[in-house]
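In what follows, a single structure is set out as structure tokens and then discussed.
Basis for what follows: all heavy atoms, side chains included, without hydrogens, waters or symmetry-related copies.
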Amino acid sequence: MSAPLEFEVTLPDGNKFTQPAGLFINNEFVKSVAGKTLESINPATGEVNGVVYAAEAEDVDIAVKHARAAFKEWKKVTGVERGILLNKIADTFEEKRDLIGAIEAWDSGKTKEANAVYDIDECISCFRYFAGWADKIQGKVIQNDPKKLAYTIHEPFGVCGQIIPWNYPLAMAAWKLAPALAAGNVVVLKTSELTPLSLLYVAQIFKDVGFPPGVVNIISGFGATAGKALASHLDVDKIAFTGSTVTGQAIQQAAASNMKAVTLECGGKSPLIIREDADLEQAVKWAAFGIMSNQGQICTSTSRIYVHEKVYDQFLTEYAQHVKEEYKQGTMFDSSAVVGPQVSKVQHDKILNYIDIGKKEGARVVLGGEKNTEGDLSKGFFIKPTIFADVKPGMRIVNEEIFGPVVAVGKFTTDDEAITLANSTQYGLGAAIFTKDITVAHYLATEIQAGMVWINSSNDSDVHIPFGGVKMSGVGRELGEYGLSMYTQAKAIHVNLGNKL
Ligand code: NAD
């Protein structure tokens, strides 16, 4: 099937732009070799937003070849110059914040005003932060033997493959592109087949601000073909992935082909613990933000809430009231809406199935528990924010990642019980603790198995601070200096000074 390489779009908020639809390889938009395409579906209506070219193994190979060729020159570019280019990306995101936010909303189902534009702010912070690192990547001089000079240099890997999901298309791309480029790597990035549009628009910006051809390559494509080809490619040096745990395992296996370095950010079922002494108003606010924002499609969402038995009933009453009042549902361009549609019909059906399972398992529905069929919303993938109470260990809605606006609330009596409940999961991404007792807070933070702990908040994320999980939630870290370190490898250089000593 043949499709145009670009098409004109006018969004409901009045934004007009030309949407690229090709594969962005070597600074040009091109058709896939076999002409394969994929459709981007509007989550609020189920209609087709547009058709873009989808990469297959041969296209991945072409992108990798161009990246490899570009690396020869790119590795000679100074850190200062790389930092200037990354800051120019941040500048352009700032100038086009409204438009890029609108494209992100249109493509993914995020409400524009309450959700999508904040992702653009996060991208800006991320590009600026790593721009600052680009000229500060240094090794060490290691002194032991006077007859020897030994030092390390932190070299880029070379060609980095990056595979991102649909829940934060631009932010996940920024988290990966910015440190990789700051460290001097070249990139072939594959977007999710569900959300290809915003990053194709952004691809053009890399060319416009002056990134040389081949340094940044952005391809749309399916996981089983393009994703697999990238993860197993023999000339890709490192693969970074965000997505489900099952896919993360497949990528780790594929990466074994040439023993490429791997970082994985995968699934989660993060607990939020509310002790008897917690500030309940704050706990209610953060517990809602931690699962209902971004339609619950957050890997770190605090989707299991454990409340001390003495404040359990009061919490549930205030929590349901707060979610009902503050998390209004609507389309992406309804400026009064906070919660938009789920990204796809598949996700929508999967979540409704879990709601059904929760009911059959005997959990009590306190709020929602169904599809939203009000007016035009019935056409899209809208699910009402849902609170299940009285959940018990072993229930599937407690153990499995639902990835929607559905939370499971249970009770506990002692701190030890809370720790056991929090840790009884294969995942280990985030955890939140609400208490006024700072000593207990720190104790719980050390006992809970998670890559990130929030004391008296939930889902607090900051580009300066490492992000990532333990157990089946992933390998490695993104953001902060730790995230940067995932894009370099140390080379040790030994210089023999012993001839005269
Ligand atoms: P997914 O794993 O299905 O897809 C993620 C990406 O991997 C997509 O680009 C997809 O095309 C690609 N992919 C799929 N199969 C592949 C394969 N065999 N080889 C290579 N690539 C392949 O996940 P999703 O549906 O996009 O996202 C939802 C899941 O992602 C949730 O489970 C969520 O917890 C997780 N997630 C985790 C984080 C995190 O930071 N830990 C962030 C966002 C999402």
Worked check of ring-ring contact (aromatic ring centres under 6.0 Å, His included) between Y168 and W175: CA-CA 10 Å; Y168 289 90; W175 285 22; 7.9 Å; no
From CA spacing to verdict: side-chain contact (heavy atoms from CB on, under 4.5 Å), I219, T191: CA-CA 6 Å; I219 55 176; T191 52; over 6 Å; no
Test log, rule side-chain contact (heavy atoms from CB on, under 4.5 Å), inputs R477 and F467: CA-CA 5 Å; R477 293 292 176 268; F467 180 105; 5.9 Å; no
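In this pair, H464 and Y129 present their aromatic rings perpendicular. The plane angle is above 60°, beyond the 30 to 60° band. Ring-plane geometry between F211 and W74 is classed as tilted, the angle between the planes lying from 30 to 60 degrees on a 0 to 90 degree scale. In this structure, H348 and F381 have tilted ring planes: the angle between them lies in the 30° to 60° band.
A 6.0 Å sphere centred on CD of E481 holds no more than 12 heavy atoms belonging to other residues, nucleotides or ligands. The 12-atom threshold is not exceeded at OH of Y118, counting heavy atoms of other residues, nucleotides or ligands nearer than 6.0 Å. The neighbour count for K345 NZ, taken as heavy atoms of other residues, nucleotides or ligands under 6.0 Å away, does not exceed 12.
Contact record, A183 with P156: O-CB, 3.3 Å, taken as the closest heavy-atom pair.
Remark: the N15 side chain and the D98 side chain contain an N/O donor-acceptor pair separated by less than 3.5 Å. Between the side chains of T425 and K471, no donor N or O sits under 3.5 Å from an acceptor N or O. Defined by atom type and a distance below 3.5 Å, a donor-acceptor pair is missing between the side-chain atoms of N167 and N294. Side chain to side chain, T420 and E417 fail the donor-acceptor criterion of an N or O pair below 3.5 Å. Under 3.5 Å, the side chains of T300 and N459 contain a donor-acceptor pair of N or O atoms. Y427 and E401 share no side-chain donor-acceptor pair at under 3.5 Å. E104 and S198 share a donor-acceptor pair across their side chains, judged by distance under 3.5 Å alone. Under the 3.5 Å distance criterion, with hydrogens and angles disregarded, a donor-acceptor pair is assigned to the side chains of Q297 and Q342. Between the side chains of T302 and S458, at least one donor N or O sits under 3.5 Å from an acceptor N or O.
Residues R97 and V117 form a side-chain contact, since some pair of their non-hydrogen atoms from C-beta on lies under 4.5 Å apart. Two residues are said to be in side-chain contact when any heavy atoms from C-beta on lie closer than 4.5 Å; V463 and S125 meet this criterion. Side chains of L181 and V216 form a contact here, defined as non-hydrogen atoms less than 4.5 Å apart. The closest side-chain heavy-atom distance from F388 to I397 is below 4.5 Å.
Judged by a 6.0 Å distance limit and a 45° cone about the ring axis, K411 is not positioned over the six-membered ring of Y306.
Ring to ring, W106 and Y201 are not that close: their centroids are 6.0 angstrom or more apart. Aromatic ring centroids of F93 and F127 lie under 6.0 Å apart.
Of the residues D208, V202, L200, the one that meets the side chain to side chain contact (heavy atoms under 4.5 Å, CB included) test with Q204 is D208.
Contacts of T242 classified as side-chain contact (heavy atoms from CB on, under 4.5 Å), with partners at least two apart in sequence or in another chain: P165, M172, K176, E265, E478. With sequence neighbours excluded, the residues forming a side-chain contact (heavy atoms from CB on, under 4.5 Å) with E326 are H322, listed by chain and number. A search for side-chain contact (heavy atoms from CB on, under 4.5 Å) contacts involving K384 returns Q329, E370, N372, E374, not counting sequence neighbours.
Between K491 and E155 a salt bridge is recorded (basic side-chain N to carboxylate O distance below 4.0 Å).
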